[in-house]
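Written out below as structure tokens is the structure these notes cover.
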There are 2 protein chains.
Amino acid sequence: MLSIGKLGRAAGVKVPTIRYYEQIGLLSPATRSEGNQRLYAPETLSRLAFIRHARDLGFPLEAIRDLLALQDDPHQPCAAADAIAQAQLQAVNRRISQLNALRCELEKMVAQCAHGSVGECRVIEVLGNHDLCLHPDHDEGHGPLADHDHASH
Amino acid sequence: MLSIGKLGRAAGVKVPTIRYYEQIGLLSPATRSEGNQRLYAPETLSRLAFIRHARDLGFPLEAIRDLLALQDDPHQPCAAADAIAQAQLQAVNRRISQLNALRCELEKMVAQCAHGSVGECRVIEVLGNHDLCLHPDHDEGHGPLADHDHASH
DNA sequence: CTTGAACCTATAGCTACTAGAGACATTAGA
DNA sequence: TCTAATGTCTCTAGTAGCTATAGGTTCAAG
């Protein structure tokens with residue numbers, strides 16, 4: 001049996017995150033020690049690593065919930081898992097093309113900056129006048145792809 | 001003088017969002033009609049359009065706050081605006097390369113799915129076993145680039 | 001047995017909004 | 001002029017996915 005801290009270190013997930021996953025029902029409640037501390041069976045580690053990996057790939061928690069349910073029932077057809085992964089792939093692709101458009105415009109903006117005073121700054125000017133923008137379509141196609149920033153550990 | 005609704009339609013920003021911007025001090029409080037409704041001078045439209053455009057480019061609100069302050073003082077050197085834009089550009093670039101790695105892995109996952117049962121599904125398997133992943137470095141370099149999904153209007 | 005680390009619960013905060021309730025204001029048409 | 005429809009007001013709470021803090025308890029090493 002693992003303590004929550006050891007489980008977290010092994011899976012690369014912070015302790016409060018594990019408690020959060022339990023709270024929202026992504027992990028089932030752990031058994032407790034006599035002193036009320038959580039104890040985990042080693043199998044929980046693979047489940048948590050699964051979650052972690054899916055989060056790294058940008059899957060939203062709700063999709064992960066579905067994937068875990070599928071994993072628990074290996075005789076089901078795989079189509080549902082495939083559909084979830086494909087949806088995620090499409091969300092990633094949408095986000096990439098959107099960000100490419102942004103990058104393009106940002107690069108032009110920065111390149112045109114003459115490093116003078118703000119009054120004649122292209123950065124400020126382009127932001128203020130959308131017509132100067134060469135990609136006027138960057139307000140479309142934003143998909144629901146969560147930005148996951150648990151990098152800071 | 002414009003009502004909040006007309007201002008919002010003209011700038012492509014929802015009414016509650018304008019009130020929110022006022023609340024957090026991004027827009028100064030509007031004058032009010034006798035019946036306590038907000039009235040905006042036409043100049044506010046360009047300020048709001050500026051915000052909208054910067055949001056479309058992914059700038060966080062705090063960066064926009066700084067950019068607006070710069071815009072208000074045209075004699076300052078442009079270096080600060082340039083730095084903000086460059087930081088945003090770098091954040092976008094980081095996010096793009098990160099998403100490219102994710103796309104790569106997702107594509108492999110989906111391509112290997114044999115559409116059988118979950119028990120032999122590559123999607124589930126790869127998620128559960130990080131070692132099967134060909135890009136094991138996707139847990140690094142996540143920058144603070146907000147995902148802005150106000151596309152739904 | 002003591003000490004320090006790890007653990008517990010509960011609450012609040014983060015970004016950038018969005019949604020809803022219930023009441024008041026404005027405006028276009030009859 | 002009245003009325004109905006739409007617009008607007010404030011306030012609160014909710015969204016995703018955690019993170020941080022406070023104040024207390026338990027565990028493991030020495």
Side-chain angles (χ1 to χ4, degrees), chain A residues 1-27 29-40 48 51-52 54-65 88 91 95 139 142-153, chain B residues 1-27 29-40 48 51-52 54-65 88 91 95 139 142-153:
Chain A
M1 290 301 236
L2 302 164
S3 74
I4 193 171
K6 283 174 188 161
L7 178 68
R9 269 189 298 279
V13 175
K14 288 179 189 157
V15 166
T17 303
I18 298 173
R19 288 197 279 247
Y20 170 71
Y21 287 162
E22 178 182 312
Q23 188 192 321
I24 64 170
L26 208 57
L27 290 175
T31 54
R32 299 294 184 120
S33 73
E34 280 192 39
N36 197 34
Q37 302 196 348
R38 286 172 182 83
L39 290 178
Y40 294 94
L48 188 54
I51 296 173
R52 165 80 207 269
R55 287 295 299 133
D56 281 342
L57 287 169
F59 286 90
L61 289 180
E62 278 317 298
I64 296 174
R65 201 188 290 274
Q88 176 61 14
R95 188 84 175 111
D139 50 348
H142 303 195
L145 176 58
D147 210 10
H148 63 298
D149 277 331
H150 56 35
S152 37
H153 56 265
Chain B
M1 292 301 234
L2 302 162
S3 73
I4 194 171
K6 283 174 187 161
L7 177 69
R9 271 190 298 281
V13 175
K14 287 179 191 159
V15 166
T17 304
I18 298 174
R19 288 197 279 246
Y20 170 71
Y21 287 162
E22 179 182 312
Q23 188 193 318
I24 64 170
L26 210 57
L27 291 175
T31 55
R32 298 294 182 119
S33 75
E34 279 191 38
N36 197 36
Q37 299 196 350
R38 286 171 182 83
L39 290 178
Y40 293 95
L48 188 54
I51 297 173
R52 166 77 207 270
R55 286 297 298 131
D56 282 342
L57 286 168
F59 286 91
L61 287 182
E62 279 315 299
I64 296 174
R65 199 187 291 274
Q88 176 61 15
R95 188 84 175 110
D139 49 349
H142 303 194
L145 177 59
D147 212 10
H148 62 300
D149 277 333
H150 57 37
S152 36
H153 55 264

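Since we're looking at a predicted model, the values are computed, not measured. Reminder, nothing fancy here: chain letters follow the sequence lines and each chain counts from 1.
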Of the listed nucleotides (D:dT8, C:dT18, C:dA16), which one gets closest to any side-chain atom of B:Pro16? C:dT18
Listed nucleotide nearest any side-chain atom of A:Gln37, set C:dT18, D:dC18, C:dC8: C:dC8
Check whether any side-chain nitrogen or oxygen of [X] sits under 4.0 Å from OP1 or OP2 of [N], and answer yes or no.
| X | N | value |
| --- | --- | --- |
| B:Arg38 | D:dT8 | no |
| A:Tyr21 | D:dC18 | yes |
| B:Arg19 | D:dC9 | yes |
| A:Ser3 | C:dC7 | yes |
| A:Lys14 | D:dT19 | yes |
| B:Thr17 | C:dA16 | no |
| A:Ser33 | D:dT26 | no |

Note: for A:Asn36 and A:Leu61 on DNA chain D, the residue whose nearest nucleotide lies more 5' is A:Leu61
Using a strict 4.0 Å threshold on nitrogen-to-oxygen distance, state whether A:Glu22 and A:Arg19 make a salt bridge. no
How far does CD1 of A:Ile4 sit from NZ of A:Lys14, to the nearest 0.5 angstrom? 14.0 Å
Give me, pair by pair, the N or O atoms of the protein and of nucleotides 28-30 of chain D that are less than 3.5 Å apart, along with how far apart they are.
none

Identify whether any heavy atom of A:Arg32 sits under 4.0 Å from a base atom; if not, whether one sits that close to sugar-phosphate; answer base, sugar-phosphate or nothing. sugar-phosphate
